[in-house]
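Worksheet: the structure to be examined is printed underneath.
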Amino acid sequence: MRLGATIGDYLGSEDPDDYIIECQKQGYRAACCPELEADDFDRARDIKSKFASAHIIIAEVPAWFNALHPDNITRQSNISQIAKQLALSEELEAACCGTIVGSFDDRDNWDSHVGPHPENFTDDAFDAIVDWVRRVLDDVKPTRTKLTLEMSPWTLLDGPEIYLDLIKAVDRDGLAVHLDPANAVRDPRTFYSTGTMIDQCFDILGPWIRSCHAKDVDFALDARTVGIKEVIPGRGVMDYKTYIRRINKLSNDMPLIIEHLANQFEFLEARGFILGIAEKIGSTV
């Protein structure tokens, strides 16, 4: 695998040269793309060249827009933005362009992308997702990258089985998988059997996995019912031995990107934990 991180979260720079210096300092061989405008193909080509010269994979180009937004104008604009980001990912030859299936939540912020709504789990939601994914893929026709969807427990895409159903229904080569198993921990049974869940993800989705996220989960002490929270890798229950073993069995070049941490010190803690697990099981990073 190729370990990396969302280093833009703490670096204070979107300069590709600064990204490369930080990757080399930390031993990262993958990174998310520095921020750039969707139509800035000159900068994209510069980033691609510099990352390739440094032998660093561009793991993902973000496309976090709600393609199921209930307002039609907003929804169409969001779908168009996803297509633009996918075209940018194609130019960069990134491993994937990552997004989510969307939610019918009408709030106009990040939470709405993955927010709760009773219609998220309906047949109509499934059909709407298939429709917008096909539209984007037929518009861009990617050959050097893939459009990938990320699981989220409040959306239709909440586990590997439904992911496979969507892949089959979309029926386009341009659709693949971005795997974040922390997002598939939905209940106490899964919470205490993350190794089994990870194996299921790779058994069911393995041929389509293009990139992975490194997160962890623990239970929320103040929750009156089921409460699950994100924590720094190594502080939760995620079976990283199984996770890293399955990633490497699939591909030695699979990006594993650390994300969602508060500062550089937390990223360094996560990095140290993952490197320690990789060393124990004889895995290269």
Side-chain angles (χ1 to χ4, degrees), residues 1-64 84-99 142-148 150 176 178-180 209-215 232-234 240 243-244 247-248 250-279 283-285:
M1 73 180 188
R2 287 174 172 260
L3 186 61
T6 54
I7 56 179
D9 291 347
Y10 66 83
L11 192 60
S13 170
E14 295 299 333
D15 188 317
D17 292 324
D18 293 338
Y19 265 58
I20 290 167
I21 290 170
E22 178 65 10
C23 284
Q24 291 172 337
K25 178 181 177 182
Q26 304 300 339
Y28 294 146
R29 299 192 299 137
C32 296
C33 184
E35 288 187 7
L36 74 163
E37 297 296 325
D39 58 354
D40 193 348
F41 286 93
D42 287 339
R43 175 167 158 79
R45 284 187 283 270
D46 180 58
I47 290 172
K48 180 173 99 171
S49 175
K50 288 179 176 179
F51 273 57
S53 295
H55 306 290
I56 298 169
I57 285 179
I58 299 176
E60 59 188 82
V61 172
W64 308 120
K84 289 179 180 178
Q85 291 298 103
L86 179 60
L88 184 63
S89 184
E90 175 79 356
E91 179 65 33
L92 288 159
E93 298 187 40
C96 69
C97 175
T99 187
T143 60
R144 297 174 293 179
T145 191
K146 299 287 185 180
L147 179 69
T148 58
E150 187 169 331
H178 185 284
L179 183 62
D180 189 337
I209 297 174
R210 296 281 295 202
S211 185
C212 300
H213 274 167
K215 299 207 303 268
I232 300 170
Y240 265 86
Y243 193 22
I244 293 173
I247 289 173
N248 273 310
L250 195 61
S251 171
N252 291 329
D253 285 324
M254 181 72 67
L256 176 63
I257 303 297
I258 304 166
E259 65 159 2
H260 286 184
L261 300 180
N263 52 57
Q264 185 176 13
F265 300 105
E266 291 190 355
F267 276 95
L268 290 175
E269 179 182 331
R271 170 186 171 276
F273 168 73
I274 293 170
L275 290 176
I277 295 295
E279 183 178 6
S283 170
T284 59
V285 296

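- For the pair A95 and A59, the tightest heavy-atom approach, listed with the atom from each and the gap, is CB-O, 3.2 Å.
- For I20 against A54, the heavy-atom pair with the smallest separation is CG2-CB, 3.7 Å.
- Residue-environment remark: CD (E279) stays at or below the threshold of 12 foreign heavy atoms within 6.0 Å.
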Verdict with supporting geometry, H260 and H213, side-chain contact (heavy atoms from CB on, under 4.5 Å): CA-CA 10 Å; H260 286 184; H213 274 167; over 6 Å; no

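- When side chains are defined from C-beta on, F51 does not count as touching I57, because their heavy atoms never get closer than 4.5 Å.
- A heavy-atom distance below 4.5 Å is found between the side chains of L86 and P142.
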Output, in order, the C-alpha distance, side-chain angles, deciding distance and verdict of side-chain contact (heavy atoms from CB on, under 4.5 Å) for Q264 and E22. CA-CA 11 Å; Q264 185 176 13; E22 178 65 10; 3.8 Å; yes

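- Applying the side chain to side chain donor-acceptor pair (under 3.5 Å) rule to pairs touching residues 27-41 yields nothing, sequence neighbours excluded.
- For R45, the side chain to side chain contact (heavy atoms under 4.5 Å, CB included) partners two or more places apart in sequence, or in a different chain, are F41, D42, E91.
- M254 and S211 get closest at one heavy-atom pair: SD-N, 3.5 Å.
- Partners of D18 under the salt bridge (charged side-chain N to carboxylate O under 4.0 Å, His left out) rule, at least two apart in sequence or in another chain, do not exist in this structure.
- Summarising the geometry of L92 relative to C33, their closest heavy-atom pair is CD1-SG, 3.6 Å, with the distance given to 0.1 Å.
- Atom NZ of residue K215 and atom CD1 of residue I232 lie 14.0 Å apart, to the nearest 0.5 angstrom.
- Considering only residues two or more places apart in sequence or on other chains, E93 meets the side chain to side chain contact (heavy atoms under 4.5 Å, CB included) condition with K48, R144.
- Side-chain N or O atoms of T99 include one that pairs as donor or acceptor with a backbone N or O of A63 at under 3.5 Å.
- Considering SG of C212 and CG of L250, their distance stands at 8.0 Å, rounded to 0.5 Å.
- A pairwise comparison of heavy atoms in R210 and A176 identifies CG-CB, 3.5 Å as the closest pair.
- The nearest pair of heavy atoms linking I7 to C23 is CD1-SG, 4.0 Å.
- In this structure, R271 contributes its side chain and Q26 its backbone to a donor-acceptor pair below 3.5 Å.
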Let's go through E60 and E259 carefully: what are the C-alpha distance in whole Å and the side-chain angles of both, what is the deciding distance for side-chain contact (heavy atoms from CB on, under 4.5 Å) to 0.1 Å, and is it a yes or a no? CA-CA 12 Å; E60 59 188 82; E259 65 159 2; 5.7 Å; no

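- Within the 3.5 Å criterion, the main-chain N or O of S49 finds a donor-acceptor partner in the side chain of S53.
- For the atom pair L179 CG and I247 CD1, the distance stands at 7.5 Å (nearest 0.5 Å).
- Taken to the nearest 0.5 Å, the CD1 atom of I58 stands 6.5 Å off from the CD1 atom of I47.
- Partners of Y243 by ring-ring contact (aromatic ring centres under 6.0 Å, His included), not counting sequence neighbours, listed by chain and number: Y240.
- A distance of 10.0 Å separates CE in M1 from CD1 in I257, rounded to the nearest 0.5 Å.
- With a 4.5 Å cut-off on side-chain heavy atoms, L88 and K84 do not count as touching.
- Annotation: side chain to side chain contact (heavy atoms under 4.5 Å, CB included) contacts of D9 (sequence neighbours excluded): T6, F267.
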